[in-house]
Amino acid sequence: MEQKIDIAIIGECLIELSANGSLADTSTLNKYFGGDTVTTAVAVARLGGNVTYLTKVGNDGFSEFILSSLKKENIDTSLIKTNEEQNGMYIVSHTLDKKEVLYYKRKTAATKLSINDIDEDSIKKLKLIYSTGVVQSLSASSRELVRESFRIAKENDVMTSYDPNYTSCFMNSDDTKEYFEEIVDFTDIIFLSLKNDAAQLYEFTSIDKVMNYFWDRGVKIVVIKSHIDNGYYTGYKGDISFTEFYNTQKAIDVTASGDVFNGGFLYALSNGYSPANAAKFASVVSGLQTQNYGAIQSIPYFDAVMENV
């Protein structure tokens, strides 16, 4: 029997090599997988959501590892295609004093994503589709894929969700703003960091200004992460609610906590939670993830989350 898919996530799965110590001193790197959107997909899957991941995987020595890892997480891989490019990679290390991250993302498999990789009939069957500015930044064809997927979804009453996920290490702020501007008319939900997205891309530092700007642009649900206020603001139908970060005193590694929050929010929303309650649920998911090392390794499962909500 064919599995029913509720959520589709478009992205790039990267190879993660991690070191317990500085890169200068370590002699061993541990292999895993990661990336902003795949982290969100794993969060949805570990909570019990039915999620598919749309990407291209390079036919190198890591391809089988990537596909088997996604399947072990109960992520549907039927939309994943392989090509002859290499897979992207990042190397991360943790010490007591700092964290080092090095990215290797040029001419990777996912840069070949294009509108030829989408199936309009599959999109029509979804509850929700999600992607990020990082995906759009990969190539002109991946940018077109995100835009067309969102357009098709919007025209068929499938919810669309987006995170600019601006990161200055490999994205340009003007380009990132342009990526969103071309899909804003097709976007129902937006996740923003007040510091990195709202302030850097739109020069907004006021929660009210951010909310009203995106509401006026037609975005239905606006979620803003504010480190200044230590929590999330969720705006829907003119109302704004606030949810504190969960159990921050126990946090030891906040890597990708925003991506995990997004997964928790999308899972909850697709299962009938109101936007305000979805934020409360997602805050617990993200908060539990920060209590251990490893972006994906530490994502909690549904039962652990329910013990803490």
Side-chain angles (χ1 to χ4, degrees), residues 9 11-43 45-46 53 55-73 75 80 85-111 132-135 137-138 163 165-171 193 195-196 225 227 245 247-263 285-301 304:
I9 294 180
E12 178 180 30
C13 188
L14 304 172
I15 294 298
E16 176 190 291
L17 299 178
S18 62
N20 295 319
S22 71
L23 293 179
D25 297 331
T26 189
S27 59
T28 302
L29 293 170
N30 299 304
K31 180 182 69 175
Y32 208 64
F33 66 101
D36 65 332
T37 53
V38 78
T39 302
T40 300
V42 172
R46 289 193 180 180
Y53 195 67
T55 192
K56 275 192 162 71
V57 172
N59 190 25
D60 58 19
F62 292 113
S63 60
E64 187 175 331
F65 167 72
I66 289 174
L67 292 171
S68 64
S69 296
L70 294 175
K71 290 176 182 176
K72 286 177 183 177
E73 294 289 351
I75 294 171
I80 297 178
E85 304 296 335
Q86 64 185 2
N87 290 297
M89 179 184 298
Y90 65 98
I91 303 175
V92 59
S93 72
H94 292 276
T95 67
L96 293 176
D97 300 322
K98 66 177 181 178
K99 171 182 160 184
E100 299 174 276
V101 184
L102 303 175
Y103 287 95
Y104 300 89
K105 285 169 58 70
R106 294 193 63 182
K107 296 182 179 180
T108 61
T111 63
T132 70
V134 175
V135 183
S137 75
L138 295 173
D163 188 334
N165 216 352
Y166 172 64
T167 170
S168 59
C169 65
F170 53 82
M171 293 167 70
S193 160
K195 177 182 177 182
N196 295 331
K225 180 179 183 179
H227 282 100
F245 293 153
N247 220 353
T248 54
Q249 68 272 19
K250 291 188 176 181
I252 60 173
D253 182 7
V254 298
T255 303
S257 61
D259 301 320
V260 173
F261 173 90
N262 293 358
V285 178
S286 177
L288 291 174
Q289 182 253 2
T290 66
Q291 294 175 20
N292 290 289
Y293 288 109
I296 288 180
Q297 298 95 313
S298 56
I299 296 173
Y301 290 86

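If you're wondering where the values come from, they're calculated on a predicted model, not measured in any experiment.
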Please name the pair of heavy atoms, one in [X] and one in [Y], separated by the smallest distance, quoted to 0.1 Å.
X: F33; Y: I296; value: O-CD1, 3.3 Å
X: S286; Y: V260; value: CA-CG1, 4.0 Å
X: S257; Y: T290; value: CB-CG2, 3.7 Å
X: L288; Y: A304; value: CD1-O, 3.8 Å
X: V38; Y: C13; value: CG2-SG, 4.1 Å
X: L14; Y: G35; value: CD1-CA, 4.2 Å

For this session: With sequence neighbours left out, write down each residue that passes ring-ring contact (aromatic ring centres under 6.0 Å, His included) with F245, or none if nothing qualifies.
Result: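 With neighbours one apart ignored, the set is H227, Y232.
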
For this session: For Y90, check ring-ring contact (aromatic ring centres under 6.0 Å, His included) against everything at least two apart and list the hits.
Result: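 By the ring-ring contact (aromatic ring centres under 6.0 Å, His included) rule, Y90 matches Y103.
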
Rounded distance (nearest 0.5 Å) linking atom [atom1] of [X] with atom [atom2] of [Y]:
X: S18; Y: L29; atom1: OG; atom2: CG; value: 7.5 Å
X: Q297; Y: N292; atom1: CD; atom2: CG; value: 10.0 Å
X: T132; Y: N262; atom1: OG1; atom2: CG; value: 9.5 Å
X: T40; Y: I299; atom1: OG1; atom2: CD1; value: 8.0 Å

Problem set entry | Listed partners of E73 passing salt bridge (charged side-chain N to carboxylate O under 4.0 Å, His left out), at least two apart |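 Here the qualifying residues are R46.
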
Exercise. For K225, what residues pass the salt bridge (charged side-chain N to carboxylate O under 4.0 Å, His left out) criterion, not counting sequence neighbours?
Worked result: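 Partners of K225 by the salt bridge (charged side-chain N to carboxylate O under 4.0 Å, His left out) criterion come out as none, since no residue qualifies.
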
Residues in side chain to side chain donor-acceptor pair (under 3.5 Å) with [X], at least two apart?
X: S93; result: E100
X: D259; result: N165
X: N247; result: Q249
X: T37; result: Y53

Would you say that [X] contacts [Y] through its side chain, given a criterion of any heavy-atom pair below 4.5 Å between the two side chains?
X: T108; Y: E85; answer: no
X: V57; Y: F62; answer: no
X: I80; Y: I66; answer: no

Determine yes or no for a side-chain-to-main-chain donor-acceptor pair under 3.5 angstrom, with [X] supplying the side chain and [Y] the backbone.
X: Q86; Y: R106; answer: yes
X: N87; Y: G58; answer: yes
X: T55; Y: G11; answer: yes
X: S69; Y: F65; answer: yes
X: T26; Y: S22; answer: no
X: T255; Y: A295; answer: no

Among pairs that include at least one residue of [range], which meet salt bridge (charged side-chain N to carboxylate O under 4.0 Å, His left out), considering only residues two or more places apart or in two chains?
range: residues 11-24; answer: E12-K105
range: residues 55-67; answer: K56-D117
range: residues 24-37; answer: none

For this session: Apply side chain to side chain contact (heavy atoms under 4.5 Å, CB included) to N59 and list each qualifying residue two or more places apart in sequence or on a separate chain.
Result: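 N59 satisfies side chain to side chain contact (heavy atoms under 4.5 Å, CB included) with S63, E84 only.
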
